[in-house]
Amino acid sequence: MNNKNKIHFEVSERKVLLRIFDVVFVLVALHLVGFFLNLEYLKGTTSHLYYAMALAVYLNIIGTVFEMYNLQIASNQYQILKSTILTASVTVLAYLLTPILSAQLPNNRLQILLFYVTFLIALLAWRIFYVKFLASNRFLQNVVLVCDRDQVEELILGLESSDPHYRIIAYVNSEPAKSDTIGYHFVQHLKVDDLLPFAKENKLFEIVIATQKTEDITVELYQKLLHLLELGTTIREYTQVYEHKTHRIPVQYITRDFYKFFPFNRSNSNQLYLLNVKIMETFISIIGLLFGAVLVPFIALVNAFGNRGKLFYTQERVGKNGALFHILKFRTMVENAENEGAVFSTPNDSRVTPFGKFLRKTRIDEIPQFINILKGEMAVIGPRPERPFFVKEIAEIMPFYETRHVIKPGLTGWAQVNYSYGESIEDSLIKLQYDLYYIKHRSVFLDLNIAIKTISTVLFYRGQ
């Protein structure tokens with residue numbers, strides 16, 4: 001009843017829309033320009049399915065690297081301008097440099113310039129259209145939250161920060177024993193009697209139940225919710241919505257029935273998947289070590305002046321099933337950096353040398369860990385290994401923290417590509433949510449997603 005007059009896109013649907021129309025706009029523009037100006041190179045790219053598919057694959061992969069499908073960036077006209085230019089430039093370059101997968105280069109080099117300009121303008125035109133119209137308020141997803149009044153701000157911030165179109169516009173207090181006189185300036189409080197007319201008037205996308213005590217939902221509220229459900233309103237539980245929107249497991253809302261939230265992915269015990277992962281990890285590690293061997297002389301030379309000390313650094317970390325191992329890195333801190341005890345590293349840590357900061361930002365300091373991967377102590381993708389001191393400290397405060405040790409720690413991971421360097425217990429909680437999401441949803445597709453996002457992290461110099 002209430003979703004017919006307003007268009008909504010789920011996060012995944014919006015990303016699919018962006019990917020499809022990126023390709024459609026580019027190919028149509030290339031075909032039209034090639035047809036009207038009689039440019040064989042442009043027409044050849046679009047008239048041959050093989051060439052068109054190659055260009056589409058390049059565009060989607062490189063667009064992912066440059067964050068074209070990050071909804072926060074896709075909705076910002078200034079950020080998307082940068083991403084679009086980078087994506088168009090690298091995609092066209094990659095297409096031109098793979099002659100087997102692309103049309104034969106023309107004798108007239110002007111066609112190459114027109115190919116790039118057409119590609120860029122078409123992609124920019126579509127993305128500007130998306131920002132101006134499809135990312136407008138017309139496509140907001142209006143939501144009502146049913147929760148304890150004291151949780152309102154925390155719950156809203158947890159959801160809205162992940163999706164610019166998802167808006168909680170009101171809440172219903174699930175604890176009638178508490179007074180509703182205290183309001184919040186950012187969201188309207190609804191009385192139970194007003195819920196039905198409010199839902200009809202605002203064309204709700206869904207109602208989210210966030211109360212952890214089902215006994216707090218009164219008979220009156222239950223009947224209203226049941227009536228809305230019969231009228232076609234979607235009603236979902238908060239942890240389900242939170243996981244879907246943020247790609248994190250909301251451990252702060254999970255109690256003793258944790259098994260409901262951790263039906264760990266079968267990939268964790270799928271021997272075929274694990275064998276494929278092992279083969280790929282071995283191949284990647286060998287390539288990584290060969291690349292590192294080329295860099296070692298230069299790093300050693302600069303290290304002699306910039307870091308003044310040992311080139312390599314080892315540190316005890318916690319691995320799979322709690323087993324301890326020594327991680328290997330290029331040293332980035334001054335020697336004897338922890339004479340006063342172990343502490344979290346911070347973004348502007350004074351113990352990090354200038355050259356060490358460069359190594360961290362580019363992730364070059366992690367290259368020696370390919371040795372740990374070949375030894376079977378680490379994986380390419382997984383939760384980052386933590387030090388025993390911090391594991392013990394965090395596990396005493398945070399439930400389920402040691403659950404992240406059910407798989408091997410990784411060189412990169414879901415938490416690393418989605419969140420900044422952890423410098424506090426609170427940061428560790430957020431990273432734990434990402435780690436558990438990876439363990440729960442582990443797959444080839446998610447691994448590929450992490451690999452591509454890791455490339456973005458390196459290219460945009462976001463390492464810590």
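Values below: all heavy atoms of this structure, side chains included; hydrogens, waters and symmetry mates excluded. The first residue in the sequence is number 1, and the count goes up from there.
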Do you see a donor-acceptor pair shorter than 3.5 Å between the side chains of Y171 and Q151? no
Note: N76 and Y78 closest approach over all heavy atoms is OD1-N, 2.9 Å
Any donor and acceptor pair, going by atom type alone, linking the side chain of Y401 with main-chain N or O of S428 inside 3.5 Å? no
Thinking salt bridges, do K440 and E243 make one under a 4.0 Å N-O criterion? yes
Is there a side-chain contact (heavy atoms from CB on, under 4.5 Å) between L123 and L59? Walk through the geometry before answering. CA-CA 10 Å; L123 198 57; L59 176 55; 4.2 Å; yes
List the residues meeting ring pair (Phe, Tyr, Trp, His ring centres under 6.0 Å) with Y58, not counting sequence neighbours, and say none if there are none. none
Got V251 and T403 here, is their nearest side-chain heavy-atom distance under 4.5 Å? no
Would you mind telling me which of Y437, Y419, Y242 makes a ring-ring contact (aromatic ring centres under 6.0 Å, His included) with H247? Y437
Would you please test Y95 and F119 for ring pair (Phe, Tyr, Trp, His ring centres under 6.0 Å) and show each step? CA-CA 12 Å; Y95 183 76; F119 189 109; 8.7 Å; no
Residues passing the side-chain contact (heavy atoms from CB on, under 4.5 Å) test with L274, sequence neighbours excluded, are Q271, R442
Hey, mind stepping through Y116 and S89 against side-chain hydrogen bond (donor to acceptor under 3.5 Å, both in side chains) and telling me if it holds? CA-CA 7 Å; Y116 171 70; S89 302; 2.9 Å; yes
Side-chain donor-acceptor pair present, Y273, D447, cut-off under 3.5 Å: yes
Salt-bridged, D22 to R127, with N to O below 4.0 Å? yes
Those residues at least two apart in sequence (or on a different chain) that pass ring pair (Phe, Tyr, Trp, His ring centres under 6.0 Å) with F283 are none
Ion pair E281/K408, N-O distance below 4.0 Å: no
Show your reasoning for whether ring pair (Phe, Tyr, Trp, His ring centres under 6.0 Å) applies to Y313 and F330. CA-CA 6 Å; Y313 176 71; F330 286 121; over 10 Å; no
Quick one: list whatever passes salt bridge (charged side-chain N to carboxylate O under 4.0 Å, His left out) with D365, sequence neighbours left out. K329
For the student: nearest non-hydrogen atoms of A74 and L18, plus distance: CB-CD1, 4.0 Å
Heavy-atom pair of closest approach, residues L42 and Q111: CD1-O, 3.7 Å
Can you tell me if Y51 and T46 form a side-chain donor-acceptor pair at under 3.5 Å? no
Of all heavy-atom pairs between P106 and Y41, which one has the smallest distance, and what is that distance? CD-CD1, 3.5 Å
Applying side-chain contact (heavy atoms from CB on, under 4.5 Å) to R19 and not counting sequence neighbours gives N60, T64, Y69
Please name all residues satisfying ring pair (Phe, Tyr, Trp, His ring centres under 6.0 Å) with F25, sequence neighbours left out, ordered by chain then number. W126
Which pairs, with at least one residue in residues 41-50 and sequence neighbours excluded, count as a salt bridge (Lys or Arg N to Asp or Glu O under 4.0 Å)? E40-K43
Among residues at least two apart in sequence or on other chains, which ones pass side-chain contact (heavy atoms from CB on, under 4.5 Å) with T454? R363, T412, V417, I450
For S75, all residues meeting side-chain contact (heavy atoms from CB on, under 4.5 Å), sequence neighbours excluded: Y130, A135, P164, H165
Polar side chain donor-acceptor pair, Q240 to E237, under 3.5 angstrom: no
List the residues meeting ring pair (Phe, Tyr, Trp, His ring centres under 6.0 Å) with F291, not counting sequence neighbours, and say none if there are none. none
Sort and list the pairs that fulfil salt bridge (Lys or Arg N to Asp or Glu O under 4.0 Å) and have at least one residue in residues 286-305, not counting sequence neighbours. none
Partners meeting salt bridge (charged side-chain N to carboxylate O under 4.0 Å, His left out) with R331 (sequence neighbours left out): none
